[in-house]
Asker: 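First the structure, which I've put down as structure tokens, then a few questions once you've had a look.
FYI, side chains are in, hydrogens and waters are out, and symmetry mates aren't considered; it's all heavy atoms of this structure. Lettering of chains follows the sequences in order, A, B, ..., and the numbering in each one begins at 1. Everything numeric in this text was worked out from a predicted model, so none of it was measured.
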Amino acid sequence: METSNSKIAKLLRNVAASYSIKKTGNIFQVRAYDNAADSIEHSTVEMKDLWEEGRLNEVPGLGETIRGYLDELFTKGKVSHFEEVQKDIPKIIFDLLDIPGIGPKTACKLSDLGINSLDDLKKQIKSGELVKKDFSAKIAQSIMAGLRQTTSKTGRMLLPYAFAQAEKILEYIKRSPSVKDAHFLGSLRRMVATIGDLDFSACSKFPKDVIEHFIKMPGVVRVVDKGESMATVMLQSGLHLDLLIGSPESYGALLQHFTGSKNHNIHLRTYALSKNLSLSEDGVKHTKTGKVVPTKTEEEFYKLLKMDIPAPEIREDGGEIEAGLAHKLPNLVETKDIKGELHTHSNYPFLHPSHGPGVNSMNDIVKKAISLRYSFIGISDHPPGHGAVSREKMIEEVKKRTKVVQSLKKSTKDVRILNGLEIDILPDGTLSVPDEALSTLDYVIAGIHSGHRGEKDIITKRLISALNNPHVDIISHPTNRLLNERESSDADWDEVFKVAVKNNKLLEINAFPNRLDLRDDLVREALKYGVKFIIDTDAHQVSQMDNMRFGVSVARRGWAEKKDIVNSWDWKKFSEWFTIKP
DNA sequence: GCCGTTTTCGGCCCGACTGTTTTCAGTCG
């Protein structure tokens with residue numbers, strides 16, 4: 001079977017439902033499977049990748065047993081225990097469970113009534129037959145709504161795309177005079193690479209007014225849910241928006257609660273209980289007296305637990321609670337720390353009659369860098385592919401471009417312009433451009449651009465071979481994953497990190513929307529070896545240089561500090577690293 | 001089945017919303 005995270009999550013949910021239906025095992029066992037499913041579904045990393053890297057034990061909620069089953073799944077393509085558990089249960093039940101609002105109990109009841117397909121269910125609701133069979137009209141109605149939702153459901157959105165939409169919505173929410181403040185919640189606030197629904201909070205004394213304002217937002221086609229202090233609406237695209245409203249007195253607790261992650265909250269609450277405190281969106285309750293202390297801000301909330309506040313990006317139950325209690329949280333890098341980047345593509349015409357893969361001119365990139373107040377900007381076009389030209393022609397072409405960039409350097413004093421290229425690491429580990437040409441550059445970015453699906457040994461050798469070339473400074477988008485499209489390449493990352501550190505090479509954190517590569521979890525892993533990073537946008541048009549913040553969010557999720565990110569350093573230190581002459 | 005700032009055994013986050021429940025079950029996040 002397919003082994004995407006969503007497929008695995010569904011499989012585990014089916015097992016949970018099967019246990020629950022058969023009443024074998026206890027409620028906590030069922031919950032354990034559901035927790036594992038949630039954890040996997042919301043992971044930024046494919047379980048298959050982690051499994052290959054031997055790091056499944058880092059996923060909260062996966063214990064020895066479930067890890068064993070996943071091992072079987074990845075090795076044999078199926079899990080015999082899971083098949084056994086699901087054996088006597090009609091398949092329709094698992095289909096019904098995909099419908100929002102239908103859990104194991106309702107699914108069983110529908111199956112017992114003879115429903116044998118989703119089409120059948122639709123028909124029976126429309127004909128009124130279902131209502132005759134002991135289902136209230138209201139429940140039938142909500143099942144119908146759930147069915148529509150399922151069919152219009154889309155996959156998870158890329159973070160930068162979700163962010164752009166969410167910013168407009170947040171602005172609209174804040175426009176209500178009853179709203180004192182508003183924030184993103186959930187995976188959006190934690191800056192996870194892919195986003196499901198968009199969640200927002202509002203701070204207000206008049207929740208009714210805020211809800212009225214919210215459901216009237218242009219683009220809303222349906223109010224899915226409405227309570228006293230919350231509402232869910234659907235946009236034309238099928239996208240769901242949640243709004244949670246908290247009073248100013250307890251807004252901090254609400255923000256904390258709905259920012260999650262779920263695993264962070266479960267861990268935090270379990271810890272709190274051991275200190276006789278019960279946490280909820282209302283505040284911190286002393287279990288002995290029953291007294292609830294509301295908290296205006298998140299800082300107050302965490303302070304009541306005697307811990308430092310972890311940034312939303314690292315609230316994934318990856319040790320941040322322990323670090324917060326020990327007052328040892330990292331001082332994460334910030335977007336405002338970034339002083340330039342080295343991976344941008346211009347329309348420089350390299351052999352092409354009209355222009356290269358970038359949309360804008362080198363000059364446009366320089367102007368954009370100045371507007372971003374960068375102190376340096378590197379332009380790194382793709383030279384012609386290996387084999388497209390002779391060795392001599394390649395050298396000549398690169399030298400020709402170097403002259404162009406050198407004259408551009410003299411055109412401005414507002415930003416330092418650096419001359420680079422992004423070249424290919426070929427299947428045998430050699431580079432697509434001869435050293436003689438590379439020596440005319442300020443820096444070299446090397447990346448694997450074909451054969452990503454190669455064997456682990458091959459990919460590792462290619463990366464290490466590039467890291468051993470004295471001209472190479474940076475490995476671009478190291479895992480080559482494309483979100484929603486292509487899994488990470490399989491490589492011995494520990495080995496890659498060791499060699500990168502030994503040779504003083506940088507790994508890139510690529511901020512391109514569907515890359516966000518090196519992945520956040522591997523950034524954290526690499527930091528244990530002392531790897532240094534550069535965050536680049538890989539912009540193919542100047543507007544994409546604004547994606548820097550998403551690369552920074554990957555670094556932050558990987559617990560990176562300013563000292564770990566070379567393009568947050570001042571020019572002196574940065575140029576020394578690259579041995580660039582002023 | 002998971003997990004450890006009381007614990008490797010014995011607990012397991014918390015509350016909102018919905019329906020038709022007159023005190024609670026099912027589902028969700």
Asker: How far does the C1' atom of dT8(B) sit from the matching atom of dC3(B), given to the nearest Å?
Answerer: 9 Å
Asker: Provide, to the nearest angstrom, the distance between the CG atom belonging to L96(A) and the P atom belonging to dG26(B).
Answerer: 17 Å
Asker: Verify, without hydrogens or angle tests, whether S39(A) (side chain) and N35(A) (backbone) share a donor-acceptor contact under 3.5 angstrom.
Answerer: no
Asker: May I have the distance from L244(A) (atom CG) to dA16(B) (atom C1'), rounded to whole angstrom?
Answerer: 9 Å
Asker: Is the Lys NZ or Arg CZ of K109(A) less than 6.0 Å from the centre of F135(A)'s six-membered ring, within 45° of the axis?
Answerer: yes
Asker: Before giving the answer on salt bridge (Lys or Arg N to Asp or Glu O under 4.0 Å), spell out for E316(A) and R190(A) the whole-Å C-alpha distance, their side-chain angles and the decisive distance to 0.1 Å.
Answerer: CA-CA 9 Å; E316(A) 299 289 352; R190(A) 300 197 314 279; 2.8 Å; yes
Asker: Check the distance between dG15(B)'s P and D225(A)'s CG and give it to me in whole angstrom.
Answerer: 19 Å
Asker: Identify which nucleotide among dA16(B), dC13(B), dG19(B) has an atom closest to any side-chain atom of R269(A), counting heavy atoms from C-beta outward.
Answerer: dC13(B)
Asker: Closer than 4.0 Å, any side-chain N/O of S136(A) to the OP1 or OP2 of dT20(B)?
Answerer: yes
Asker: Expressed in whole Å, how much space separates the P atoms belonging to dC2(B) and dT6(B)?
Answerer: 23 Å
Asker: What integer number of Å spans the P atoms of dA16(B) and dT21(B)?
Answerer: 23 Å
Asker: For the backbone of D38(A) and the side chain of H42(A), can you confirm whether one donor and one acceptor N or O come within less than 3.5 Å of each other?
Answerer: yes
Asker: Would you kindly give the CE-to-P distance between M230(A) and dT18(B), to the nearest whole Å?
Answerer: 8 Å
Asker: Does K275(A) place a side-chain N or O at less than 4.0 Å from the phosphate oxygens OP1/OP2 of dT6(B)?
Answerer: yes
Asker: Determine the interplanar angle of the H264(A) and Y302(A) rings, folded into 0 to 90°, and report it as parallel if under 30°, tilted if 30 to 60°, perpendicular if over 60°.
Answerer: tilted
Asker: From the options dC13(B), dG1(B), dT5(B), select the nucleotide whose nearest atom is closest to the side chain of Y271(A).
Answerer: dT5(B)
Asker: Could you tell me whether K306(A) contacts a base, only the sugar-phosphate backbone, or nothing, with contacts defined as non-hydrogen atoms closer than 4.0 Å?
Answerer: nothing
Asker: Ignoring backbone atoms, test whether T270(A) places a side-chain nitrogen or oxygen under 4.0 Å from the OP1 or OP2 oxygen of dG4(B).
Answerer: no
Asker: At under 4.0 Å between heavy atoms, what does L279(A) touch on the DNA or RNA strands: base, sugar-phosphate, or nothing?
Answerer: sugar-phosphate
Asker: Base, sugar-phosphate alone, or nothing: which one does L268(A) contact when heavy atoms must sit under 4.0 Å apart?
Answerer: nothing
Asker: Map D199(A) and F28(A) onto DNA chain B by nearest heavy atom, then report which one ends up closer to the 5' terminus.
Answerer: F28(A)
Asker: Looking only at atom C1', what distance separates dC13(B) and dG29(B), rounded to whole Å?
Answerer: 12 Å
Asker: What integer distance in Å separates N57(A):CG from dG1(B):P?
Answerer: 19 Å
Asker: State the pairing partner of dT8(B); accept Watson-Crick or G-U wobble contacts with both distances under 3.5 Å, and report none otherwise.
Answerer: none
Asker: Using atom P of each nucleotide, how far apart are dT5(B) and dG1(B) to the nearest Å?
Answerer: 23 Å
Asker: Quote, to the nearest angstrom, the P distance that separates dG26(B) from dT22(B).
Answerer: 15 Å
Asker: Pick the P atom in dC28(B) and in dT23(B), then give their distance to the nearest Å.
Answerer: 25 Å
Asker: Rounded to whole Å, how long is the line connecting atom CZ of F258(A) with atom P of dG15(B)?
Answerer: 11 Å
Asker: Whole angstroms only, please: what is the CD-C1' distance between Q141(A) and dT18(B)?
Answerer: 14 Å
Asker: Of all the nucleotides listed (dC2(B), dG26(B), dT5(B)), which has the minimum atom distance to the side chain of T106(A)?
Answerer: dG26(B)
Asker: Could you please name the option among dG1(B), dC17(B), dG15(B) that lies closest to any side-chain atom of S280(A)?
Answerer: dG15(B)
Asker: Mark yes or no for whether S18(A), through its side chain, and N14(A), through its backbone, hold a donor-acceptor pair below 3.5 Å.
Answerer: yes
Asker: From the options dA16(B), dT5(B), dT27(B), select the nucleotide whose nearest atom is closest to the side chain of L325(A).
Answerer: dT5(B)
Asker: Of all the nucleotides listed (dT27(B), dT5(B), dA16(B)), which has the minimum atom distance to the side chain of E281(A)?
Answerer: dA16(B)
Asker: Has S187(A) got a side-chain atom pairing as donor or acceptor with V192(A)'s backbone, closer than 3.5 angstrom?
Answerer: no
Asker: Take V59(A) and A107(A), find for each the nucleotide of DNA chain B with the closest heavy atom, and name the residue whose nucleotide sits nearer the 5' end.
Answerer: V59(A)
Asker: Does R31(A) have a side-chain nitrogen or oxygen under 4.0 Å from the phosphate oxygens OP1 or OP2 of dC13(B)?
Answerer: yes
Asker: Just to confirm, is there a sub-4.0 Å distance from OP1 or OP2 of dA16(B) to any side-chain nitrogen or oxygen of S229(A)?
Answerer: no
Asker: Is any side-chain N or O of S274(A) closer than 4.0 Å to OP1 or OP2 of dT5(B)?
Answerer: no
Asker: For dC12(B) versus dC17(B), give the span between their C1' atoms, rounded off to a whole number of Å.
Answerer: 24 Å
Asker: Sub-3.5 Å donor-acceptor pair from the side chain of S176(A) to the main-chain atoms of I173(A), do we have one?
Answerer: no
Asker: On the nucleotide dC14(B), are OP1 or OP2 found under 4.0 Å from the side-chain N or O atoms that S278(A) carries?
Answerer: yes
Asker: Mind calculating the distance between NZ (K138(A)) and P (dG19(B)) to the nearest angstrom?
Answerer: 5 Å
